Amino acid sequence: MNKKRQWKPIIVAALVLGAIVYTLPSLGLGQFFPESWKRLAYGLDLQGGLELRYTVDYKRAIGDNTWKVASLFRDRMIAQKLGKIEDLESVDGKELERLRGQVTIERVDYTTVKLTLGDELKPVLADIDDSFIEKWVDGKFAKGATTDNTVEFVLRYEQAQNLKTEIVNQTLDIIRKRIGAFGLVEPDVRNAGDADIDVQLPGVEKSKMNLVRAMIGQTAQLVFRLVESTGTNPTSGLQAELDAYKAENTGKAITIELTAGNLKAQRKSELLQFLRWVDEKRKTDGKGALIDDDHMVGFNELKELEGGREVSKGWTTVYVVRNMRVGKGTGNERAVTIGGDQITRSMVAYDQNGAPYVSVEFDGRGAEDFGALTTENVNKSLAIMLDDEVRSAPNINEPITGGRCKIELGRNAGKDAIRDAQALVTVLTTGAYRAPVHKVHDHSVGPSLGAASIRQGVLSFVVGSGLVILFMIWYYRSSGIIAVIAVLLNVVLVIALMVSFNATLTLPGIAGIVLTVGMAVDANVLINERIREELRNGKSFRNAVDLGYDRAFWTIFDANITTALSGFILLVYTTGPVYGFAVSLLAGIAATMFTAITVTRMIYNYLLKTRKLEYIGV
């Protein structure tokens, strides 16, 4: 027992000394310690950093899904007409394709699609109701407005809201994972409004800001799409529209031209703006959209090596198939979408020339779809796309059925190529967004309070703490000095805990520290008052100290445990500034219990037993 008591003060002293040394780099002495030592990070409100806002285009994601399910609804109606609703696979492929030609599908909005049926299929509308859709198509959808030859296919309102929430929350989680991959401390990532996401990254080094922007902003909707032949590309016949566009924008630097059946320009934004102009003009002229719903225009950046570095030589359009199908003419035709959600693994590998590429492996369904697609489209090009950008469009020389492919980055070996390959792997590993994510604003910010306000805040903290220290020493004399030692040590331990948990110090975090300082003072006041009470009852000082600590313990414990429960709830259910407050509060409570109950009592024991003092001013 005596040996345990001898080891206890040594352990506590070592712990206290270690905490003091651990916090020195965060207390203005960082120049004396290696860069690898952890330091306390400061929040966006204290030191500035990177602030970003994104909006999630959930309507596009839901709309694309509604369109796909509407195609299944069309096929089920055809099967009902043919009397083969229970065995769609037995429908003759040619007959199915012929009847599909009698159905026109058009978007009403992101939750509604209208199907217009030809005369041969109109009678089947009498058999279509919500129970038919629930049984043979998808229970998330319902039958909408109908006429004698049209029917609306509608995603139920509650299902649309659930999907929106799910998509936005998934995007939020993915952004948090991507930021976590950088090892950034306490990022503030939260929902803002209907579908916006705010990201605050305090203390990001300027050298890392661009990489952070690229990684978060990269939506990484990795999709494989077939490239249509040049002869079917509607953009190849836009020379007249291009001439009119240039004439309308005389004096502006228009670099768009038609090359090999595709549009080419110095900037991607030019191509986007021109295509929007064409769509508006066609709408005004009463013509249909330039690109039908089964296709889309992708954009490929042209690059060349100059002086050992890649230089952009402009952008070109690529006409690709948005809605792909396999099994045509077999009676088992089906739609396929091969994307990032089917990727199980991605890694950086190197070819025989040392150039890096990204190796991608698919899950079971992805491998099956990819194998079927490449088997039926040998000698065609397959675009590997991240959103609307074509990263590579290799030729399908033979079926790829092993469930693995590679994304060539079009670079030679070098640090830039390896960095880009690793960045893409990080994005693919942490997940692809289910919906496109668009940047709303992006800027680096300075301390929101300003240096003067921060100095005033620190000054008020020092003055307030100084007054508390003077009062404790004046009112409790020597015991007050012991209490002051405990309070100062309490602050050091709080900082040490925050550094060890990679927490960021924000203004609310400082408020949490101030609150715990008050709680630490309160704990010592309770103990000293209990000691005084026992002395008034005629106890010796040594007995008064023992009884004072024993009787004050549960009062201190109850007060701290109820506060800790509140702090824990804030820690679990909040983010950002409130989260920072909860972290510093919980760290302070742990430090308060340790310093007020253990450290001060050990000081008393040392003075009374080792130094043989009979009385300490209290």
Side-chain angles (χ1 to χ4, degrees), residues 43-45 48-65 110 160-206 208-223 267-269 272-273 276 296 298-299 301 339-341 343 385-389 391 420 423-446 448 504 506 574-580:
L44 203 65
D45 53 355
L50 188 61
E51 184 174 32
L52 308 163
R53 172 172 282 201
Y54 298 93
T55 186
V56 182
D57 191 358
Y58 65 88
K59 291 184 178 180
R60 177 174 167 182
I62 294 174
D64 288 347
N65 181 68
Y110 73 101
Q161 294 302 305
N162 290 340
L163 281 173
K164 181 192 77 171
T165 301
E166 182 181 320
I167 289 169
V168 173
N169 287 342
Q170 185 203 45
T171 304
L172 190 74
D173 290 340
I174 291 171
I175 290 178
R176 283 181 177 149
K177 289 178 182 177
R178 293 183 182 180
I179 294 172
F182 285 97
L184 301 177
V185 292
E186 199 184 332
D188 181 6
V189 184
R190 66 175 74 185
N191 286 329
D194 185 48
D196 283 2
I197 295 174
D198 271 343
V199 181
Q200 292 188 357
L201 304 174
V204 179
E205 298 175 10
K206 288 187 177 181
K208 291 183 178 180
M209 282 187 178
N210 287 336
L211 185 58
V212 171
R213 288 184 177 105
M215 291 289 287
I216 298 176
Q218 175 58 270
T219 57
Q221 283 220 292
L222 180 69
V223 181
R267 298 177 298 277
K268 175 183 169 183
S269 58
L272 284 167
Q273 188 172 349
R276 292 193 189 102
M296 67 175 289
F299 302 90
E301 187 174 14
D341 56 345
I343 292 175
M385 303 181 65
L386 284 171
D387 285 340
D388 59 358
E389 293 185 8
R391 289 300 180 94
D420 288 353
L424 178 57
V425 166
T426 299
V427 171
L428 298 175
T429 301
T430 55
Y433 299 140
R434 289 178 58 182
V437 178
H438 307 292
K439 188 183 295 181
V440 177
H441 74 241
D442 169 357
H443 57 272
S444 55
V445 296
S448 59
T504 300
T506 61
T574 63
T575 60
V578 179
Y579 180 88

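None of these values were measured; they are calculated from a predicted model.
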*Asks:* For Asp57, what residues pass the side-chain contact (heavy atoms from CB on, under 4.5 Å) criterion, not counting sequence neighbours?
*Replies:*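 Once residues adjacent in sequence are excluded, the partners of Asp57 under the side-chain contact (heavy atoms from CB on, under 4.5 Å) criterion are Lys59, Arg60, Pro436, His438.
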*Asks:* At their closest point, which heavy atom of Lys268 faces which heavy atom of Glu389, and how far apart are they?
*Replies:*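 In terms of heavy atoms, the two residues are closest at NZ-OE2, 3.1 Å.
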*Asks:* Please round to the nearest 0.5 Å and tell me the distance separating atom CG of Asp198 and atom CG of Leu172.
*Replies:*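 Between Asp198 CG and Leu172 CG, I get 10.5 Å after rounding to 0.5 Å.
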*Asks:* Report the distance from atom CG of Leu163 to atom CG of Asn65, rounding to the nearest 0.5 Å.
*Replies:* 7.0 Å
*Asks:* Taking the side chain as every heavy atom from C-beta outward, state whether Asn191 and Asn169 have any pair of such atoms under 4.5 Å apart.
*Replies:*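 Yes, close enough: below the 4.5 Å cut-off.
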*Asks:* Distance check, rounded to the nearest 0.5 Å: Tyr58 atom OH versus Glu166 atom CD?
*Replies:*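 Rounded to the nearest 0.5 Å, the OH-CD separation comes out at 14.5 Å.
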*Asks:* Indicate yes or no: at least one non-hydrogen side-chain atom of Val437 is less than 4.5 angstrom from one of Ile197.
*Replies:* no
*Asks:* A quick test of your reading: do over 12 heavy atoms of other residues, nucleotides or ligands sit less than 6.0 Å from CD of Gln273?
*Replies:*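 Open.
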*Asks:* Working to the nearest 0.5 angstrom, can you tell me the gap between Tyr54 OH and Ile175 CD1?
*Replies:*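 It is 7.0 Å, given to the nearest 0.5 Å.
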*Asks:* Taking all atoms of both residues into account, what is the closest heavy-atom pair of Asp196 and Arg53, and its distance?
*Replies:* OD2-NH1, 3.6 Å
*Asks:* Please identify each residue that fulfils side-chain contact (heavy atoms from CB on, under 4.5 Å) with Arg276, with sequence neighbours left out.
*Replies:* Leu272
*Asks:* Side chain to side chain contact (heavy atoms under 4.5 Å, CB included) with Val168: which of Asp173, Asp194, Val56?
*Replies:*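 The passing option is Val56.
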